[in-house]
Amino acid sequence: MSKFTRRAVQSIFTLAVSVAAFAHFSLAQAQTSGAKPETNAVYRRSDAPTEKRVEDLLRRMTLEEKVRQLDFYAGAKDIMDKHADDTHAGADAVFLPEKAQSVWGNLGVGAIHDLNATPEQANTIQKWVVAHNRLGIPALFIEEGLHGFDTGTVFPAPLNLAATWNPGIAQQTGAAIAAEARATGVDMILAPVLDLAREPRWGRVEEDFGEDPYLTGQMGLAYVRGAQGTSLNTDHTVVAEPKHFAGHGSPEGGTNTSPVHIGERELRTVMLKSFEPAFREGHAMATMAAYHEIDGIPVTADPFLLKKILRDEWGFQGFVLSDLGAIQRLYKVHQVAATPKDAVCMAIRSGVDMQFYDFDHDVFQNALIDCVHEGSLAQADLDRAVRSVLRVKLALGLFDHPLVDTTLNARTYRSPEHLAISLESARESMTLLKNDDHLLPLSTSVQRIAVIGPNADVARYGDYEKEPNGKHINLLDGIRALVPQANVTFDAGKEIPAAVAQAKDADVVILGLG
């Protein structure tokens, strides 16, 4: 090769390197300068495959934008001018952009909880979020929906639903709750509970489907299929979030956050069997990592559970949300992390994707940024978490139609169809344990009825439902309505001798216990 040819080749190579370096610098500058990407970017195209949209968006994001997607914000008290309580905005509350700017700035929002907005309020907030972050990433609205959404249709508690032995009713229940939630702009509900009730002292037994792995697995699968439907990109389906992953229903002494003492064999053959169908067959797109430790390892610091089993073996594609404060417990309770920063990075490294009011937002987000810079958190682990959240948002269609039809709620809220499902579920859940001498059904000609017990004069709906949310009649009033000619007396049972005396003076005693 001549000297001239070598010089020409070297010049061409130098020019190519310079062009490549300039292109890389220009992209990096665009990512950090606030410049918005082109309108025909792959992630903006609804016709592009979801995974290509996720990867295109991920490569455009700054580190600060990424960690923001993993954070979880309260709504009612932080961004509205008034709130009915800690978890509900007032029906006439007004969104305050200046408060949103101070809380969120221009980096976007991962998820919003404890808002329970009207459709109009949700749309106003979502418009602001999309307009005030460089890449136009929408927020995910998350609320409770265990056996009814907000003030909508109240369904029997999950333990009652399990007593129906009817997966069809479970699927209809999940679908009805999802429809009422999505009609207000909510995209994800924190349900179902698939823990096994193996510790009777545990105070949350009513939230799950009982002690049997197979029954719980099938009812949970049906609920997830109802909630998520065949597509999340609709106006009536939401992301389901089986919880509390895993083994939470068997805490030492029955205390809600206590350790669970089982090994891998029992974990796999019993505790995980109630969850597995919801993920393998139902393709649930979220789950909640529980508070406790299993055989000495906290769930939020357990890659065996959150990576190997959930993702590698079961093919989970959604995101893992910590239970409220579960990451913080790595530092304060389990004491496996020396600092809040260590706890945050340990959780993300282990397979958690989003915090739930664990640490102050600055502490959580700066911890991730610092750990990536220091090398104690691999970029791949952070990107896995961000990718999981973005995948869910894209699957819901939030990038293509982030706003809700404000007329939908009036047609969906406590609709006749949903009320009928609730009634049928209640009827099928009734369980007759014993009927000596064919005492039941009672004759309408009975004259003296004593109704006794603390739950006889109030309709108890169970956890995650407030009594005023329902329109159901209580046991005492129902009996009086059915037999107006009878003398129906009531005693709450606070003084046992008085209750016994009333019982002795009656032809029939009906107890409202619990």
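Owing to the predicted nature of the structure, the values given are computational and were not obtained by experimental measurement.
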Test item: Val344 and Asp358 side chains (from C-beta on) under 4.5 Å apart, heavy atoms
no
Taking Asp353 as the fixed residue, which of Arg311, Lys307, Arg387 is the one that meets the salt bridge (charged side-chain N to carboxylate O under 4.0 Å, His left out) rule?
Arg311
Just so I know, are the side chains of Leu135 and Glu65 near enough to count as touching, which here means a heavy-atom distance under 4.5 Å?
yes
Got a sec, which residues hit salt bridge (charged side-chain N to carboxylate O under 4.0 Å, His left out) with Asp86, two or more places apart in sequence or on another chain?
Lys77
Take His113 and Tyr73 through the test side chain to side chain contact (heavy atoms under 4.5 Å, CB included) and record every step on the way to the result.
CA-CA 6 Å; His113 182 55; Tyr73 286 81; over 6 Å; no
One pair to check against side-chain hydrogen bond (donor to acceptor under 3.5 Å, both in side chains): Thr407 and Arg411. What are the steps and the verdict?
CA-CA 7 Å; Thr407 68; Arg411 303 193 300 273; 3.1 Å; yes
On a heavy-atom basis, which atom in Arg414 and which in Thr151 lie closest, and how many Å separate them?
CD-O, 4.0 Å
Is it true that a side-chain atom of Asn123 and a backbone atom of Val404 form a donor plus acceptor pair closer than 3.5 Å?
yes
Option among Val299, Asn256, Ile294, Asp208 that satisfies the side-chain contact (heavy atoms from CB on, under 4.5 Å) test with His248
Asn256
If you measure from CG on Leu146 to CD1 on Ile177, what distance do you get to the nearest 0.5 Å?
7.5 Å
Could you check whether any side-chain N or O of Thr184 sits under 3.5 Å from a backbone N or O of Ala181, counting only pairs where one atom can act as donor and the other as acceptor?
yes
Kindly say whether Val154 contributes a backbone atom to a donor-acceptor pair with the side chain of Ser422 at under 3.5 angstrom?
yes
Aromatic contact between His244 and Tyr291, with the criterion being ring centroids under 6.0 Å apart: yes or no?
no
Gap separating the CG atom of Asp71 from the CG atom of Leu107, nearest 0.5 angstrom:
11.0 Å
List the atom of His147, the atom of Glu465, and the distance in Å for their closest heavy-atom pair.
CE1-CG, 3.4 Å
Taking the side chain as C-beta and beyond, is there a heavy-atom pair between Ile125 and Met80 under 4.5 Å?
yes
Going from CG on Leu403 to CG on Leu398, what distance comes out if it is rounded to the nearest 0.5 angstrom?
10.0 Å
In terms of heavy-atom contacts, Phe359 and Pro340 come closest through CE2-CB, 3.5 Å
Taking Asp56 for its side chain and Tyr43 for its backbone only, find out whether a donor-acceptor pair lies under 3.5 Å.
yes
Using side-chain heavy atoms (C-beta onward) and a distance below 4.5 Å, is Asn160 in contact with Phe155?
no
For Gly325, is there any backbone N or O sitting under 3.5 Å from a side-chain donor or acceptor partner on Gln328?
no
Is a donor on one side and an acceptor on the other found under 3.5 Å between the side chain of Gln228 and the backbone of Ala240?
yes
Does a salt bridge link Asp400 with Arg53, judged by any charged N lying under 4.0 Å from a carboxylate O?
yes
Quick one: does Gln126's side chain have a donor or acceptor within less than 3.5 Å of a partner on Ala139's backbone?
yes
Assess the residue pair His88 and Asp150 against the criterion (side-chain hydrogen bond (donor to acceptor under 3.5 Å, both in side chains)); give the C-alpha distance rounded to whole Å, side-chain angles, the decisive distance to 0.1 Å, and a yes or no.
CA-CA 9 Å; His88 288 71; Asp150 198 25; 2.4 Å; yes
For Ala157 against Glu206, the heavy-atom pair lying closest together
CB-O, 4.0 Å
Determine, stepwise, if the pair Ile79 / Trp104 fulfils side chain to side chain contact (heavy atoms under 4.5 Å, CB included).
CA-CA 10 Å; Ile79 57 172; Trp104 298 331; 3.5 Å; yes
How many angstroms lie between atom OG1 of Thr237 and atom CG of Leu396, to the nearest 0.5 angstrom?
7.0 Å
Val336 and Pro298, any side-chain heavy atoms less than 4.5 Å apart:
yes
Flag side-chain contact, heavy atom, 4.5 Å: His401 against Asn233:
yes
Do NZ/NE/NH1/NH2 and the carboxylate oxygens of Lys66 and Asp383 come within less than 4.0 Å?
yes
Roughly how far, to the nearest 0.5 Å, is the OG1 atom of Thr216 from the CG atom of Asp195?
9.0 Å
Checking Arg44 now: which residues fulfil salt bridge (charged side-chain N to carboxylate O under 4.0 Å, His left out) with it, not counting sequence neighbours?
none
Criterion side chain to side chain contact (heavy atoms under 4.5 Å, CB included) on Leu305 and Leu310, from CA distance to verdict:
CA-CA 6 Å; Leu305 194 60; Leu310 186 63; over 6 Å; no
How many angstroms lie between atom CE of Met271 and atom CG of Leu267, to the nearest 0.5 angstrom?
8.5 Å
Is any side-chain heavy atom of Phe141 less than 4.5 Å from a side-chain heavy atom of Leu115?
yes
Between Tyr223 and Ala191, the two heavy atoms sitting closest are OH-CB, 3.7 Å
Has the side chain of Gln365 got a donor or acceptor atom that lies under 3.5 Å from a matching backbone atom of Val67?
no
Give a yes or no on whether a salt bridge exists between Arg384 and Asp381, defined as a side-chain N under 4.0 angstrom from a carboxylate O.
yes
With a 6.0 Å cut-off on the ring centroids, do Phe356 and Phe72 count as close?
yes
Using the rule given for side chain to side chain contact (heavy atoms under 4.5 Å, CB included), can you reason through Phe304 versus Ile297, listing the C-alpha separation, both sets of side-chain angles and the distance that settles it, and then say yes or no?
CA-CA 10 Å; Phe304 173 74; Ile297 301 176; over 6 Å; no
Main-chain N/O of Pro303 paired to Arg349 side chain as donor or acceptor, under 3.5 Å
no
Side chain His83, main chain Ala93, donor-acceptor under 3.5 Å:
no
Are Met288 and Leu190 packed together at the side-chain level, in the sense that at least one heavy-atom pair is separated by less than 4.5 angstrom?
yes
For Pro251 and Trp202 the tightest heavy-atom approach is CG-CD1, 3.7 Å
Parallel, tilted or perpendicular: which one describes the rings of Phe316 and Phe279, with boundaries at 30° and 60°?
perpendicular
Counting only heavy atoms not in Lys99, do more than 12 sit closer than 6.0 Å to its NZ atom?
yes
